[in-house]
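Computed from a predicted model, the values in this text were never measured in an experiment.
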Amino acid sequence: MKRHTNQRHALLSAALLATLAATGVVSAQVPSKVESKHEAINKADAAAEQARTAREDAASAQTAARAAAATRDQGALSARGAIAAEATAEQAKSSAADAQTAAQQATSAAEDARSAQAAAVSGSNPHGAAIQARAAMNEARTATAIAADATGVAQAAAAATAEANQLPATVIAAPSDGRNVDFVALDVDADGVLTRSEARAFAPLSANFLAVDVNADGSLSASEINGWRR
């Protein structure tokens, strides 16, 4: 919980700094009290909408994680498939937890924005409160983006779990055009392995990703691809 609180404070600090830079606190053009009140209200509404989206994404991630676990528990066709299914189901679970944490951060930021809105409406410094509302909205937006990314990973992991359950015990033969794999060209980040995303650039390899991934580590090495092409 302390780690999550620190993360939220870091997000809020970054958002506040970005807001101050964007609004130009040293500018002589200070909004009127009425304008500041309206801005605080708008930013609080936007933050609430961001939080709602984050919670929906987190719920989708939880659904994906449960589906992955259920698929894994059905059993795989091979030992290799079982290893891969266990890894992908765990990834779905972890990503769902990340999405939930981000949704909580977004919700907390939305509550901060509402507090700032109240201060802007009834307080003596609506301009300062409006800045706080904007910073909280930016924090909610950042947390929502994190929730969306984590949800995407959870859903992809659930799909990979279903695929892993069907993985045969032996590597299937490469199609004729599988011999044309250009490892260097596909390895966009030049880290020596191909991720699922990188493999998608070559359809035959992408279609057989799990079969080629002999050690079920979620990436393809040059030796694994060479073994598949033989």
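Side-chain atoms of Q155 do not come within 3.5 Å of backbone N or O of A92 as any donor-acceptor pair. With hydrogens and angles ignored, the 3.5 Å screen pairs a side-chain donor or acceptor of T144 with a backbone N or O of A140. Listed for the E224 side chain is a donor-acceptor partner under 3.5 Å among the backbone atoms of V214. Judged by distance alone, the side chain of T101 and the main-chain N or O of A97 form a donor-acceptor pair under 3.5 Å. Checked by atom type and distance alone, the side chain of D213 never pairs as donor or acceptor with a backbone atom of F209 at under 3.5 Å.
In this structure, the side chains of T107 and R55 come closer than 4.5 Å at one or more pairs of heavy atoms. By the 4.5 Å heavy-atom criterion applied to side chains, V153 and D98 are not counted as neighbours. Contact annotation: the side chain of N165 never approaches that of L77 to less than 4.5 Å [non-hydrogen atoms, C-beta and beyond]. A 4.5 Å side-chain heavy-atom check between E86 and R72 finds at least one atom pair inside the cut-off. L194 is not listed as a side-chain neighbour of V188, based on a closest heavy-atom distance of 4.5 Å or more. Annotation: side chain of V193 is not in contact with side chain of D187 (no heavy-atom distance under 4.5 Å).
Rounding to the nearest 0.5 angstrom, the gap separating the CD1 atom in I146 from the CZ atom in R141 is 13.5 Å. Here the NZ atom belonging to K93 is positioned 13.5 Å from the OG1 atom belonging to T88, to the nearest 0.5 angstrom. Atoms CD1 and CG, from I225 and N208 in turn, are 11.5 Å apart once rounded to the nearest 0.5 Å. The structure places CD of Q104 at 9.5 Å from OG of S108, a figure rounded to the nearest 0.5 Å. The OG1 atom of T142 lies 9.0 Å from the CD atom of Q50; values are rounded to the nearest 0.5 Å. Separation of atoms CZ (F183) and CG (L220) is listed at 8.0 Å; rounding is to 0.5 Å.
Considering all non-hydrogen atoms of both residues, A158 and A68 come closest at CA-CB, 3.8 Å. Across all non-hydrogen atoms, the minimal contact from A99 to A58 is O-CB, 3.7 Å. What you find for G81 and A76 is that their closest heavy atoms are C-CB, 3.6 Å. Closest non-hydrogen pair, A164 versus A85, comes out as CB-N, 3.5 Å. Nearest heavy atoms, A199 versus S206: O-CB, 3.4 Å. In plain terms, the two heavy atoms of A147 and A102 that are nearest each other are N-CB, 3.7 Å.
Side-chain contact of S221 with S223: a donor-acceptor pair under 3.5 Å is present, judged by distance alone.
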Distance-only criterion, 3.5 Å: show the donor-acceptor pairs between side-chain atoms of residues 116-126 and protein atoms not counting sequence neighbours.
from	atom 1	to	atom 2	distance (Å)
Q117	OE1	R114	NH1	2.6
S122	OG	A118	O	2.8
N125	OD1	G128	N	3.2

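Within 6.0 Å of the NZ atom in K37, the count of heavy atoms belonging to other residues, nucleotides or ligands exceeds 12.
A salt bridge links E163 with R196: the closest approach of a Lys/Arg side-chain nitrogen to an acidic carboxylate oxygen falls below 4.0 angstrom.
I83 and V212 fall into different hydrophobic clusters, where Ile, Leu, Val, Met, Phe, Trp and Tyr side chains are chained together by heavy-atom contacts under 4.5 Å.
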